[in-house]
K.L.:
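Let me give you the structure first, and then I'll get to my questions.
Chain identifiers are assigned alphabetically (A, B, ...) following the order of the sequence lines, protein sequences preceding nucleic acid strands; residue numbering begins at 1 within each chain. The basis for the numbers below is simple: all heavy atoms, side chains too, and nothing from hydrogens, waters or symmetry mates.
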Amino acid sequence: MEDELRVVSASYITENGGPVVELFGRNRKGESFTLLYRNFLPYFYVIEPTGTELEALDKIDDKVKIENVKLQYRGETRNAIKFTCRSPWRVPEFRKIIRDQNRILAADIPFHFRFYYDFDLGSCVKFSGNEVERGKFTTDHVVVLDSIEKTADFLPPLKIMSFDIENTIKTQRLLVIGYTISFTGKYEDGYIVGEPADIVRQFVELVRKQDPDVITGYNIDGYDLPFIEGVASKGGIELKLARDMTTPQRIQGQFWRIHGRVVADAWWNVKREIHPKQETLAFVSIELLGESKGDVDRLNIDREWEKDRERVIKYCIKDSYLALRILEKIDVLDKYENMSTVSLIPLDDVWNSGNSTLIDSLVIRVADRRGIAVPMNNFINRNEEKIEGGYVHSIEPGLYDMVAVLDFKSMYPSLMIKYNICFTTISEDGEIISPNGTRFVSPERKRGLIPELLEDLMRTRDKYKLMMRNETDPGRKRYLNSMQSQVKILMNSFYGVFASSFYRFTDQNIGSSITAFARETIKGIINDLNSKGIQVIYGDTDSVFIKTGKTDVDSAVSFSVSIGEEISKRLGIQIEVERVLDPLFSHGAKKRYAGKVVYPENERGNLIVRGYEIRRTDSFDLQSEALTEIFNYILNRDVNGALRRAKEIISDVKSGRVEIDKLVISRSVKDFEFYKEQDSLANVQTAKKLMKQGQEFVPGMKVSWIVVDSKKRPQEVEPYIPNQTSNIKPDYQYYADRVAQTLSRVTEVFSVDETSLKNVDIKKKSTLEDFF
DNA sequence: TCTACCTGCTTACCT
DNA sequence: ACAGGTAAGCAGGTAGAG
């Protein structure tokens with residue numbers, strides 16, 4: 001049979017002592033497939049092995065063959081051997097034979113990636129093969145492959161299954177699993193009750209029968225899955241949740257791998273996508289969906305279960321439904337499917353692995369084609385020394401009129417292209433010299449692999465952007481926009497990966513050359529503009545904020561656009577006018593500013609804030625709201641109004657005229673062992689109290705609290721649980737002080753300090769000019 | 001003994 | 001298992017004033 005598939009996940013199993021590559025996914029019709037390939041073997045390279053090493057390798061029972069090859073290694077052609085064996089899982093053992101790990105190449109590439117690179121596969125594949133009996137596999141079809149290749153991407157319907165468990169707190173007994181399934185726009189739900197072991201057995205059956213592509217739930221990574229695994233192991237049940245009957249595996253104590261399916265914790269995804277102020281399911285459901293959770297008291301779940309079982313079951317199903325809806329709402333599925341298309345690896349690997357995996361996928365293929373050696377990642381000899389980063393220009397306190405923000409379009413990728421920065425071009429005799437003295441050969445002599453790859457990506461992005469502009473169908477337009485945005489994200493992640501200390505192609509000089517060129521570029525522009533009498537008031541890494549000196553928006557825009565065009569032409573890197581702000585406020589701190597947008601047109605009138613408490617998830621609502629109000633006064637040039645309102649807010653807080661919900665502070669908590677003085681931290685104190693109460697807590701979660709006595713050292717806090725605050729007495733003086741602190745940073749620019757905000761009448765000043 | 005100031009630790013943000 | 005630069009709050013200390 002022949003068909004096309006979007007690949008959800010790839011892995012391998014062992015059969016008769018040899019590896020079988022398996023790809024899982026769905027065709028356009030939404031039928032699920034398992035594709036099997038049996039004739040692929042693992043291999044790696046060793047540069048100039050010694051006699052003893054070669055002998056030892058030759059003696060390995062698992063060996064299939066040893067071939068002589070030539071590879072480009074650090075700019076030289078070197079002799080190497082290609083060692084092919086049968087067992088992917090034994091490669092780490094074979095690596096130990098070689099003393100110097102630097103001479104072993106490509107021996108740390110997960111087997112399914114090796115298959116992906118060598119067959120040059122992508123997010124979707126076209127295949128032909130023989131359909132066989134389903135056997136142990138749970139998919140609609142199982143095909144033994146004859147051929148497989150990359151094909152144009154498409155988005156088939158994927159099946160998502162969300163689940164949630166309830167258990168007693170004291171005895172940790174599993175009571176119920178509730179679930180919701182979403183497929184082709186339809187929802188279906190249900191539940192499983194009974195003896196804990198039976199619940200788990202039926203759950204495994206359910207997953208096998210429903211065969212979902214994505215498994216989700218709220219906090220399943222750290223709570224529900226480990227809990228179910230615990231019940232399974234105690235009951236001697238094999239947790240065969242995978243599409244190939246294997247059991248889930250936890251990677252680095254964090255992500256789960258279930259062959260053929262993506263495990264996508266809704267909590268983790270929400271955290272990554274929207275950074276909510278609080279991370280409980282209740283809070284996120286309200287914020288994102290406007291829906292509230294059921295009102296079952298989890299702390300008294302044992303009694304609730306006795307009293308009204310139906311209600312607890314309904315509540316459990318609802319939680320699974322909410323998690324599913326949240327995952328759909330934040331639109332991650334399409335996004336990661338598109339990133340899978342851009343980075344050419346299966347959906348699961350995009351969703352649940354780091355950026356270096358995406359970069360690997362593009363770089364290793366090209367390196368292999370060109371005979372360039374692929375070293376291994378080095379997690380052991382990590383260089384502790386940090387490379388110097390971007391330049392941040394100081395900003396003076398004040399209110400500035402008609403400020404244009406110009407910034408470089410993908411600055412780091414552009415610089416890598418412009419200066420041919422690459423591990424293949426770094427050379428003592430290079431013609432291009434970076435400000436820190438590192439040399440790269442000119443593109444005329446040798447075009448770098450990375451610059452070429454980045455240029456391809458730039459072209460791809462421009463192509464998507466052009467298509468998007470000409471597209472009239474809204475759905476198609478959204479898809480094209482998402483594609484161009486994923487390409488941009490991938491391009492921008494190159495720098496970070498190449499500047500990281502462990503990445504296989506890392507060279508300290510590459511990372512520091514990129515940032516050195518960037519600093520030189522931005523400082524050059526600032527000096528140049530200043531010498532022309534154009535005042536640069538701020539800049540961060542790839543941006544400059546200039547005073548246009550104009551009074552109307554059109555002149556300000558055309559003035560700054562012409563400056564941008566001149567610079568772009570002169571430097572060969574695109575710099576664009578991102579916004580014009582009128583006015584822009586700063587209290588004199590880097591990475592913090594607020595402004596009113598006057599350009600672009602579609603953002604006109606918007607308040608934009610960077611860095612300030614309004615942006616921070618660990619500030620309490622009252623603080624954010626108060627500062628927003630004050631900014632609105634200031635940006636409308638009503639300083640007196642700002643001062644009056646600031647005093648009013650502070651005095652209200654001081655006397656307790658404020659809702660307790662506005663005083664909630666939330667912060668994340670790591671593993672307790674991480675901290676030097678865990679007991680003196682409010683977030684850890686809160687987490688410990690929550691655990692004592694029997695609340696769900698896993699490291700990495702945000703916890704919320706109210707400060708009840710800030711005089712104590714460390715300050716005393718109480719966990720915040722919505723609708724359960726009657727016995728909490730906030731330390732109003734503390735909150736008043738903090739709000740005053742926040743607001744006075746703004747008012748001090750106009751000569752009104754914290755003490756005067758909190759106390760006596762302010763000096764009578766009526767116009768803005770009087771304050772300078 | 002109280003306050004001002006400093007340092008180290010920590011989190012979250014900006015690009 | 002992508003980077004560095006930065007602000008700011010709290011804990012806990014010390015120096016100097018009262």
K.L.:
Closest approach to the side chain of A:Phe379, judged atom by atom: which nucleotide of B:dT11, C:dA1, C:dG12 is it?
P.N.:
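So the nucleotide nearest the side chain must be C:dA1.
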K.L.:
Is any side-chain heavy atom of A:Asp542 closer than 4.5 Å to one of A:Tyr412?
P.N.:
no
K.L.:
Does the structure place the NZ or CZ of A:Lys688 under 6.0 Å from the centre of the six-membered ring of A:Phe672, at an angle of no more than 45° from the ring's axis?
P.N.:
yes
K.L.:
A:Val392 side chain: which of C:dC2, B:dC14, C:dG5 is closest?
P.N.:
C:dG5
K.L.:
Could you state the CG-C1' distance from A:Leu681 to B:dT10, rounded to the nearest angstrom?
P.N.:
7 Å
K.L.:
The side chain of A:His587 lies closest to which of these nucleotides: B:dC14, C:dA8, C:dC10?
P.N.:
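The answer is C:dA8, which lies nearest to the side chain.
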K.L.:
So A:Gly496, base contact, sugar-phosphate only, or nothing? Heavy-atom distance under 4.0 Å.
P.N.:
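Base: the residue A:Gly496, judged by heavy atoms under 4.0 Å, touches a nucleobase.
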K.L.:
Contact list please: residues 616-628 of chain A against DNA chain B, heavy atoms, distance less than 4.0 Å, in numerical order.
P.N.:
A:Arg616, A:Thr617, A:Asp618
K.L.:
If pairing requires Watson-Crick or G-U wobble contacts with both distances under 3.5 Å, which nucleotide is the partner of B:dA4?
P.N.:
C:dT14
K.L.:
Under 4.0 Å, counting only non-hydrogen atoms across every strand here, what does A:Ile387 touch: a base, just sugar-phosphate, or nothing?
P.N.:
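The residue A:Ile387 makes sugar-phosphate contact but no base contact.
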K.L.:
Any sub-3.5 Å donor-acceptor pair from A:Asn378's side-chain atoms to A:Phe502's backbone N or O?
P.N.:
no
K.L.:
How about A:Tyr593 and A:His587: are their ring centres within less than 6.0 Å of each other?
P.N.:
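No: the rings miss the under 6.0 Å criterion.
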K.L.:
Tell me whether the NZ or CZ atom of A:Lys277 lies within the 45° cone about the ring axis of A:Phe283 and under 6.0 Å from its centre.
P.N.:
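A:Lys277 over A:Phe283 ring: no.
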K.L.:
What is the distance, rounded to the nearest whole Å, between atom CG of A:Asn492 and atom P of C:dA3?
P.N.:
15 Å
